[in-house]
Amino acid sequence: MTEGKHGDGQMAIGMIGEMRRQTIKRFQAPIDSLRLSISVSSFSSTLRRSPIDYDGDLAILHCLPPKQSYTIIDQLHLHQNASMAEHNLSTMTKPLNFYISSLQTCISVDHLHQLHAQILNSYFSNSVFLLTRLAHAYLKFGCPTVGQRFIISIIKNPPLFLWNETIKCYARKGCYRESIDLYYDMLRSGYKPNAFTFTFVLPACAGLKSVADGRRVHDDVLLFGCECNEFVITALIDLYGKCGELGVARQLFDEMPVKKTASCNALMAGLVLADKFDGALSLFNEMNNLGIKGDTMTMVSVLQSCASLGALQQGRWAHDHIIRTRMGINLYLGAALINMYARCGSIEEARQVFDKTPRKDIVTWTAIICGYGMHGLAHFSESLFLQMISNGLRPDAVTFVGVLTGFSHNGLVEKGWCYFHKMRDEFGVKPALEHYSCMVDMLGRAGQLKQAEELIRKMYVKPDSKIWGGLLNACKIHKNFKMAERVVPEILKLDPTNAGWHVLMANIYATSGKWDQVAKMRRNMKEKKLEKQPGWSLIEVTGQIHTFLAFDQSHKMSKEIYKYLEDIKEKMRVEGYVPELDVVFEKVDEETKEEMLFYHSERLAIAFGILSTSNGDVLRVMKNLRVCVDCHNVIKFISRIAYREIVVRDAKRFHHFKDGVCSCGDYW
DNA sequence: ATAGGGTTAG
């Protein structure tokens, strides 16, 4: 500090008075909230601990040792800012108004650090009012700490508002644990949370999917009497929905006296997350009946449900509804629409939406790329990928999953390797389990079993049961029983309770005639009480979803369906159909085998579709498992005999059947 | 001075 600045203490006091007058005039704030303090002893040693009476009010001037006020500045590395010292005096004499507007217009954290230092050097260094604004500014930039300290610790007794904002800041950044811990800290410090607090801490519990923390906070909601606040209830519904506790979520929702769009959306998102898609769609109907308007978030959930169910007609209706109500198609909705059309089997409509979307981000592009990928249209997938790059967007891990699955479905092994390497070398995306999974699948199906196994053994992510399962599937296709025996124990080690693997293994043993091993697998399943996942197919006719299980006779048109299949069987025989009995893994006679094949769920769904729609309508069937070789064959026949285009989505991809040919080229 | 819900893969 220079000699001059030590100068006239009386002048400094005069300035304080002038400043207060201005401040009070400008903000008309109560005197108490403007307890001015000065922190710098550099003005004059005569100021030390001298209370000043001004305009009849008491302003307390604390003269802190300069060291103290610089502690935080040091942490901010602001000692680098040498020009600061030069302007000390002008800084100290600026009105409160200046700091407030500076904080409001502040555009970077660096700038904020400078303001912070200036404030600590000003008359307002201890003003709770200004420090709260300062702390809030940090939080708005997503900075809950400065150096090692919580931003709230710059104030001795931070107001509840600041605790809330800090908890929110952590939650928004995805630092859920920190957010929750801070909430507990707050309670320990004797603060009482309010409704705002809960709407910030509950999403943090939801983000962690921690029902334990969620329940604990829920108890506090009751304890502090916030259980009637609609924001809090919505946050609770969201929490329980994300944690899979749909019963609790539903109950909270039902008990709401007035339901709003957001609370419906929270429940609907929970239903979608729990794969309860028809539940989500009926909630949408419920909303319409209750006169609650849906918005873009509602429609995202609706479209996700349609996509998962393969309900194209309902999806189209939803799209139309979006246009009719002029809600505007934002990035979320755009991607959800593209995904819906693609997953419902209409890649053409997906492309139309994509082309019409004015703003496209990485997710939009990825949605259409994945769409082409699962339809086995790898060339489109790749060309869009390249267009995306030339538009200046960087592909992410998901984009590569889409491109790689496309190549995998087409057996484009060379291309696959090329992009697998490009991914890391050109785009810095580290291959994750999903990418290895695509590669193993691709290599395995192309018959490169050795290369596939090698890739698994040397990958630096720990392989999961799905990856080994992909290889085992390839062993089955290429009848490599020796490798299968090596792979089986690896899978059982990682995932001993999955019925699917046991079935796959038993089938492989059956194909190689090892019936004792088959029996062992079956016993194994029984002992572990593992249930085979039943295969189901569904088809949408006039907006209604019809579900079929194998041998299902519960449908009201069951009789006609079975009759149709009998009839078509004869026609198929004339055209040269021979059942692929190898796919039946039971030790039964051939006739029974044929019988077992003929009522697979997809055939029932297709027969029903043909019977209940007009000629020329495209049939779209969704199936939870992969379509079997014999069904694939039969559907080809049906598409020709009945002159129907049939689109089947199985667990892996789409098959478009037309005129006796499938788009997959029998490679899947 | 602060509020809830959402996009792409497997």
Side-chain angles (χ1 to χ4, degrees), chain A residues 100 103-104 129 132-133 135-137 139-140 159-169 171-172 194-203 206 226 229-239 241-242 249 253 256 260-273 294-304 307 329-340 342-343 350 354 357 359-371 373-374 388 395-406 408 432-438 441 464 466-467 469-470 651-653:
Chain A
I100 291 171
L103 286 172
Q104 270 167 354
F129 176 77
T132 299
R133 291 211 161 209
H136 191 203
L139 294 169
K140 279 203 268 193
L160 181 59
F161 163 75
L162 219 46
W163 282 97
N164 288 350
E165 285 292 291
T166 314
I167 290 166
K168 175 173 96 176
C169 183
R172 296 276 154 92
N194 62 8
F196 286 99
T197 323
F198 293 123
T199 53
F200 302 137
V201 72
L202 284 170
C226 293
N229 180 295
E230 58 170 289
F231 292 90
V232 175
I233 301 172
T234 303
L236 282 168
I237 293 170
D238 171 57
L239 162 81
K242 289 214 171 87
F253 179 79
M256 280 184 96
K260 295 259 177 76
T261 308
S263 41
C264 297
N265 289 350
L267 182 61
M268 205 184 286
L271 289 164
V272 170
L273 212 61
D295 60 8
T296 55
M297 294 193 196
T298 322
M299 297 320 289
V300 166
S301 287
V302 168
L303 290 170
Q304 280 179 311
I329 296 175
N330 60 14
L331 284 173
Y332 292 104
L333 258 184
L337 274 169
I338 293 165
N339 180 48
M340 182 277 290
R343 300 229 307 146
F354 176 80
T357 307
R359 256 190 79 210
K360 301 178 177 75
D361 73 347
I362 178 70
V363 181
T364 322
W365 285 90
T366 301
I368 192 75
I369 288 169
C370 292
M374 64 185 146
M388 185 188 84
D396 66 4
V398 185
T399 321
F400 280 104
V401 173
V403 178
L404 290 175
T405 45
S408 150
L433 270 176
E434 290 80 6
H435 305 106
Y436 282 110
S437 197
C438 286
D441 206 53
D464 67 352
K466 275 191 210 146
I467 292 216
K652 282 274 174 188
R653 60 163 294 161

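So that the names make sense, note that chain A is the first sequence line, chain B the second, and so on, each numbered from 1.
When heavy atoms are screened at a 4.0 angstrom cut-off, F198(A) is found touching no nucleic acid atom at all. Residue-level contact check: N339(A) touches the backbone only, with heavy atoms under 4.0 Å from sugar-phosphate atoms and none from bases. Among the atoms of the strands shown, base atoms are found under 4.0 Å from some heavy atom of A262(A). Within the nucleic acid shown, T197(A) has no heavy atom closer than 4.0 Å to any nucleic acid atom. The residue T405(A) sits close only to the backbone: its heavy atoms come under 4.0 Å of sugar-phosphate atoms, none of a base.
Residues N229(A) and N194(A) bring no donor and acceptor atom of their side chains to less than 3.5 Å of each other.
For K242(A), the side-chain atoms get nearest to dG6(B) when compared with the rest of dT2(B), dG6(B), dG10(B). Of the candidates dA3(B), dT2(B), dT7(B), dA3(B) carries the atom nearest the A195(A) side chain, counting heavy atoms from C-beta on. With dG6(B), dT8(B), dG10(B) as the candidates, the nucleotide lying closest to the side chain of A269(A) is dG6(B). Among dA9(B), dA1(B), dT7(B), the nucleotide with an atom closest to any side-chain atom of V300(A) is dT7(B). Each of dA9(B), dT7(B), dT2(B) was ranked by its minimum atom distance to the side chain of N194(A); first place goes to dT2(B). Comparing atom distances between the R172(A) side chain and each of dG6(B), dG4(B), dT2(B) picks out dG4(B) as nearest.
Below the 3.5 angstrom threshold, one finds a donor paired with an acceptor across the side chain of N229(A) and the base of dA3(B). Residue S437(A) places no side-chain atom within donor-acceptor reach of the base of dG10(B), judged by atom type and a 3.5 Å distance cut-off alone.
Applying the side chain to side chain contact (heavy atoms under 4.5 Å, CB included) rule to S408(A) yields the partners D441(A), M442(A), R445(A); only residues at least two apart in sequence or on another chain are considered.
Note on K168(A): every side-chain N or O is 4.0 Å or more away from OP1 and OP2 of dA1(B). The shortest distance between the side-chain N/O atoms of Q104(A) and the OP1/OP2 oxygens of dA1(B) is not below 4.0 Å. Side-chain nitrogen and oxygen atoms of Q304(A) include at least one within less than 4.0 Å of the OP1 or OP2 phosphate oxygen of dT7(B).
Atom CG in L273(A) sits roughly 11 Å away from atom P in dT8(B) (whole-Å rounding). Atom pair I329(A):CD1 and dG6(B):C1' shows a separation of 15 Å (rounding to whole Å applied). Atom C1' of nucleotide dG6(B) and atom CE of M297(A) are separated by 5 Å, given to the nearest angstrom. Rounded to an integer number of Å, the gap from R343(A) CZ to dA9(B) P is 6 Å. The distance between atom CG of D295(A) and atom C1' of dG6(B), rounded to the nearest whole Å, is 9 Å. Atom NZ in K652(A) sits about 11 Å away from atom C1' in dA9(B), given to the nearest Å.
Put simply, the side chain of L139(A) reaches to within 4.5 Å of the side chain of L162(A), judged on heavy atoms. Using a 4.5 Å heavy-atom cutoff, the side chains of I467(A) and L433(A) are in contact. Under the 4.5 Å side-chain criterion, counting only non-hydrogen atoms from C-beta, F196(A) is not in contact with E165(A). Between M374(A) and T405(A), the closest side-chain pair of non-hydrogen atoms is not below 4.5 Å.
The aromatic ring of Y332(A) is not stacked on the base of dT7(B), since the criterion of ring centres less than 5.5 Å apart with planes inclined by under 30° is not met.
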